[in-house]
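Only one structure is covered here, and it is reproduced in the block below.
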Protein chains: 4
Amino acid sequence: MRSETSTPQDDPTSSSRSFIETARRRQLIDAAVATVNEVGYHRASLAEIGRRAGIVKSAIGYYFSSKEALLLELVQEAFTALGESVLGAVSGREGATARLRAYAEAYLAHVDAHRHAIAAAVEVVVSHRTADGTPLYLVEDEEDTALLRSILTAGMDEGVFRRMPVAVVTGLVEAVLDRAITVVQRDPRADLGDLRSHAVPFLLRSLGAGDE
Amino acid sequence: MRSETSTPQDDPTSSSRSFIETARRRQLIDAAVATVNEVGYHRASLAEIGRRAGIVKSAIGYYFSSKEALLLELVQEAFTALGESVLGAVSGREGATARLRAYAEAYLAHVDAHRHAIAAAVEVVVSHRTADGTPLYLVEDEEDTALLRSILTAGMDEGVFRRMPVAVVTGLVEAVLDRAITVVQRDPRADLGDLRSHAVPFLLRSLGAGDE
Amino acid sequence: MRSETSTPQDDPTSSSRSFIETARRRQLIDAAVATVNEVGYHRASLAEIGRRAGIVKSAIGYYFSSKEALLLELVQEAFTALGESVLGAVSGREGATARLRAYAEAYLAHVDAHRHAIAAAVEVVVSHRTADGTPLYLVEDEEDTALLRSILTAGMDEGVFRRMPVAVVTGLVEAVLDRAITVVQRDPRADLGDLRSHAVPFLLRSLGAGDE
Amino acid sequence: MRSETSTPQDDPTSSSRSFIETARRRQLIDAAVATVNEVGYHRASLAEIGRRAGIVKSAIGYYFSSKEALLLELVQEAFTALGESVLGAVSGREGATARLRAYAEAYLAHVDAHRHAIAAAVEVVVSHRTADGTPLYLVEDEEDTALLRSILTAGMDEGVFRRMPVAVVTGLVEAVLDRAITVVQRDPRADLGDLRSHAVPFLLRSLGAGDE
DNA sequence: CATGAATGAGCATTCATTCAT
DNA sequence: AATGAATGAATGCTCATTCAT
């Protein structure tokens, strides 16, 4: 049983969501993804999101405490899944080159497979501002790039990657990988095959690693 | 609609702009840049833009037919200037490597020097949707990347760049260069020195060109 | 409308309340008192009242036909208890002065002892309007002040109180006594000792009665 | 000229209001008074206030930054006028009894003459809560009762008033005078004649002052 | 040219109430 | 007897746009 309030909220510690509540939150996040992708963050109103989920807009407040809470959950879900994909792919790999390759391939594969969720999450992150005007991308970032930074730092220490300031090279590698997101944002049905096969060698060469 | 009145509009063929009209449009675009950079596209209202320009919001309609027209002009101006910078830098250069280097250095230098205008233009491009929901980046793109595409195509034909699908490699190079924009968007006072000195060799290596 | 169903309602003639129903109504009224005192009439929602009572808001409809019915019961209960207190204190007293003193002291003592219920009831009376906009204090009043009016009238007839229009003097005495309510509304933990000891002599002097 | 913003606000220092702006603010405050008196604070929506003022609700934001600002102005205006009335009446009077009599008579006369504004202001003060839930009457009070407190203190020091705790006696005198407000709140067309003629002797007797 | 004024649509949010289970 | 779920109306507020002067 949840706390006495009749409106379930976005309490992250609440592990006791009813079946229908879980389903509704799923529906709403999916509807938010679809709405943001179709009409953009700016025009993604609760009324429209609710319409797509088959729910009246005021009922959204029953599952999310606010529009911001819904969108933030969308973002967190998408990036958490992406992080888990790359973490799983890198785990067990030895050597900076192999680890970076695994990272990049998993990253691109995940974006390819979950393009709608990722595209919407990026749109939200780029567009959303908290109440005091702070953009979202100023909040996170440190943690998100930790794995990539560690791989690149290790590679430079091992001597297999060219030495560059870690902040610079991390940003450049991210920029290259995020090209996949840009592509699917522009065309949700784009074929990422060519990009996926060329981006990794492109990256390894740029780092000065042998592209064997 | 205002189109049929005698008030000056954003008609690109109208060569009859008065001195004061030109100045007012300048003020408004600059104010729009500052506003978008500070509070984000979402909260950049005409009232706020007018306030910064020292113009009452209802007078904005005299210089731009709509908010959209003002923002579009901001975007076009910023990207036109960027295009002219790189075009000027590339002109007269011979050889794909030298031309790409000139392109990239000019691109980064321009972003560094005109960071506010560029950051605002990108924010608008990413966030704005036309009335039917179409994002702005679907409109342009072909023309904007023509020079870069031609350089890369020539380089691959000359054999100095690795052969890759031109769309893919163009996108990747753009992604790397646009990292500079991301950086200044996140911190308007960021120092791009490290990025500028490392991004070009990074790019040339990625293309398989000797980094002589 | 619920009236025609078999669910128990706020029908005052219904003498067939189950034990649990009585208890639930008690809980809800107490929770309403606490809520109104803490957040004010305006923000005292059924959800919040239910939360404090440990009852889900939709279940409130089972014990009270509407929010208004709940609040009206709260009001009636508080004022009925106050009326019984003063009636009990006055009974058996002889002489207008003694009766008024008993009335005033009992009134102030009751407000002191039941400050939460009284404060909430007054807040509701002052703030609530029926659907057509009528305030609550237009409904009662005649009956509520009957005892006080009779004491004052008798006192004036006996010649121990100055002669004044009965409506005026009744209102003034009530105003003085209600000062206790104002005090506890502003500070629920206020000490009424000073007020209680000075208000009665104040009143008797104002009526021209010797303060023996 | 006012600051560049196109929406005039409730800046108290701005002494440069246009003619129409002053008139509109007057209309809106009057409409708010009428609305609060008729349907109560609770149901006094901006739409309804605007309707009575012949203005669309969104235009209210042009003259007042928020609903709260409008209501607070209503309150301040009413109480400032009341304060000026009593201050003017007391000025020049010598002796605590004469000063209190002047105070009370001016107070009652003002409430009689400006009953609508006063009744609405009191309703707002009693019902309104700031964003954090604080009622309005906790904010002021100190300053509002300063004159009355000083008169009563002086009277007790002079020995013409019975000695009582100043907080208690101030509250009781206020309670008596505020009876006039209660009366006009309950019936806007009530005749205060009887009350006005009897309340002052009532008060002076209660203070132990000779009622000659 | 420019302004103050006004409008109407759209927004997120709150809430009493209803209903199937 | 009770609950979670859902609804629809209402509210304060923002904003691009229009218009008379």
Side-chain angles (χ1 to χ4, degrees), chain A residues 1-2 4-8 18-21 24 42-50 54-68 70, chain B residues 1-2 6-8 18 20-21 24 42-50 55-68 70, chain C residues 1-2 6-8 18 20-21 24 42-50 55-68 70, chain D residues 1-2 4-8 18-21 24 42-50 54-68 70:
Chain A
M1 205 177 310
R2 127 179 28 94
E4 292 92 340
T5 173
S6 62
T7 48
S18 75
F19 174 75
I20 192 164
E21 184 183 345
R24 278 287 192 234
H42 204 144
R43 302 181 190 232
S45 68
L46 286 184
E48 176 63 19
I49 293 171
I55 289 177
V56 108
K57 74 173 171 178
S58 64
I60 297 178
Y62 195 80
Y63 299 104
F64 293 94
S65 59
S66 67
K67 183 186 185 185
E68 185 174 54
L70 166 56
Chain B
M1 214 174 305
R2 279 288 198 87
S6 64
T7 53
S18 74
I20 193 167
E21 186 185 344
R24 284 282 194 240
H42 207 109
R43 306 185 186 210
S45 67
L46 283 185
E48 176 64 17
I49 293 171
I55 293 174
V56 133
K57 77 173 168 184
S58 61
I60 297 177
Y62 193 78
Y63 301 105
F64 294 95
S65 60
S66 68
K67 184 186 186 184
E68 185 174 51
L70 166 56
Chain C
M1 214 175 303
R2 278 288 199 87
S6 65
T7 53
S18 74
I20 193 166
E21 185 186 344
R24 284 282 194 240
H42 207 111
R43 306 187 187 209
S45 67
L46 284 183
E48 176 64 15
I49 292 171
I55 293 175
V56 133
K57 75 172 169 185
S58 60
I60 297 177
Y62 193 79
Y63 301 104
F64 293 95
S65 60
S66 66
K67 184 187 185 184
E68 185 174 51
L70 167 56
Chain D
M1 203 179 310
R2 114 174 45 88
E4 292 90 344
T5 174
S6 61
T7 48
S18 76
F19 174 75
I20 192 163
E21 184 182 345
R24 278 288 191 233
H42 203 148
R43 303 183 190 229
S45 67
L46 286 184
E48 177 62 18
I49 293 171
I55 289 178
V56 109
K57 73 172 172 179
S58 64
I60 297 178
Y62 195 80
Y63 299 104
F64 293 94
S65 59
S66 67
K67 183 187 184 183
E68 186 175 53
L70 166 57

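Of the two residues contacting DNA chain F, namely D:Glu68 and A:Gly54, the nearest-nucleotide position lying further toward the 5' end is that of A:Gly54. For the pair B:Ala59 and D:Ile60, nearest-nucleotide mapping onto DNA chain E gives the more 5' position to B:Ala59. If you find the closest nucleotide of DNA chain E to A:Ala44 and to D:Ile55, the one lying nearer the 5' end belongs to D:Ile55.
Atom-to-atom, NE2 of A:His42 to C1' of F:dC15 comes out at 10 Å; the value is rounded to the nearest Å. When the C1' atom of E:dT14 is taken as reference, atom NZ of A:Lys57 falls 11 Å away, rounded to whole Å. Here E:dT14 presents its P atom at 14 Å from NZ of C:Lys67, a figure rounded to the nearest Å. Atoms CZ (C:Arg43) and P (E:dT13) sit 16 Å apart, rounded to a whole Å. Here the C1' atom of nucleotide F:dT21 and the CZ atom of D:Phe19 are 16 Å apart, to the nearest Å. In this entry the distance linking OH of D:Tyr63 with C1' of E:dA6 reads 8 Å, nearest Å. Summarising the geometry, the separation between CZ on B:Phe64 and P on F:dC15 is reported as 20 Å, rounded to the nearest angstrom. Across the protein-nucleic acid pair, A:Leu46 atom CG and F:dT7 atom C1' stand 15 Å apart, rounded to whole Å.
Contact check, D:Tyr62 against E:dA6: no side-chain N or O comes under 4.0 Å of OP1 or OP2. A close approach under 4.0 Å does occur between a side-chain nitrogen or oxygen of A:Arg24 and OP1 or OP2 of F:dA6. Between A:Ser45 and the phosphate of E:dC11, there is a side-chain N or O to OP1/OP2 separation shorter than 4.0 Å.
Expressed to the nearest 0.5 Å, how far OH of A:Tyr62 lies from CZ of A:Arg24 amounts to 11.5 Å. B:Lys67 contributes atom NZ, which lies 6.0 Å from atom CD1 of B:Ile49 (distance to the nearest 0.5 angstrom).
Out of E:dA5, F:dG4, E:dT14, the shortest distance to the side chain of A:Ser58 is found at E:dT14. Comparing E:dC1, E:dG4, F:dG4 by their closest approach to the side chain of A:Ile20 singles out F:dG4.
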How would DNA chain E look in dot-bracket form, 5' to 3', counting Watson-Crick and G-U wobble pairs with both distances under 3.5 Å and writing | for bases paired to another strand? .||||||||||||||||||||
Might you work through the side-chain contact (heavy atoms from CB on, under 4.5 Å) test for D:Glu48 and D:Arg43, ending with a clear yes or no? CA-CA 9 Å; D:Glu48 177 62 18; D:Arg43 303 183 190 229; over 6 Å; no
Is there a side-chain contact (heavy atoms from CB on, under 4.5 Å) between B:Leu70 and B:Leu46 once you walk through the steps? CA-CA 10 Å; B:Leu70 166 56; B:Leu46 283 185; 4.2 Å; yes
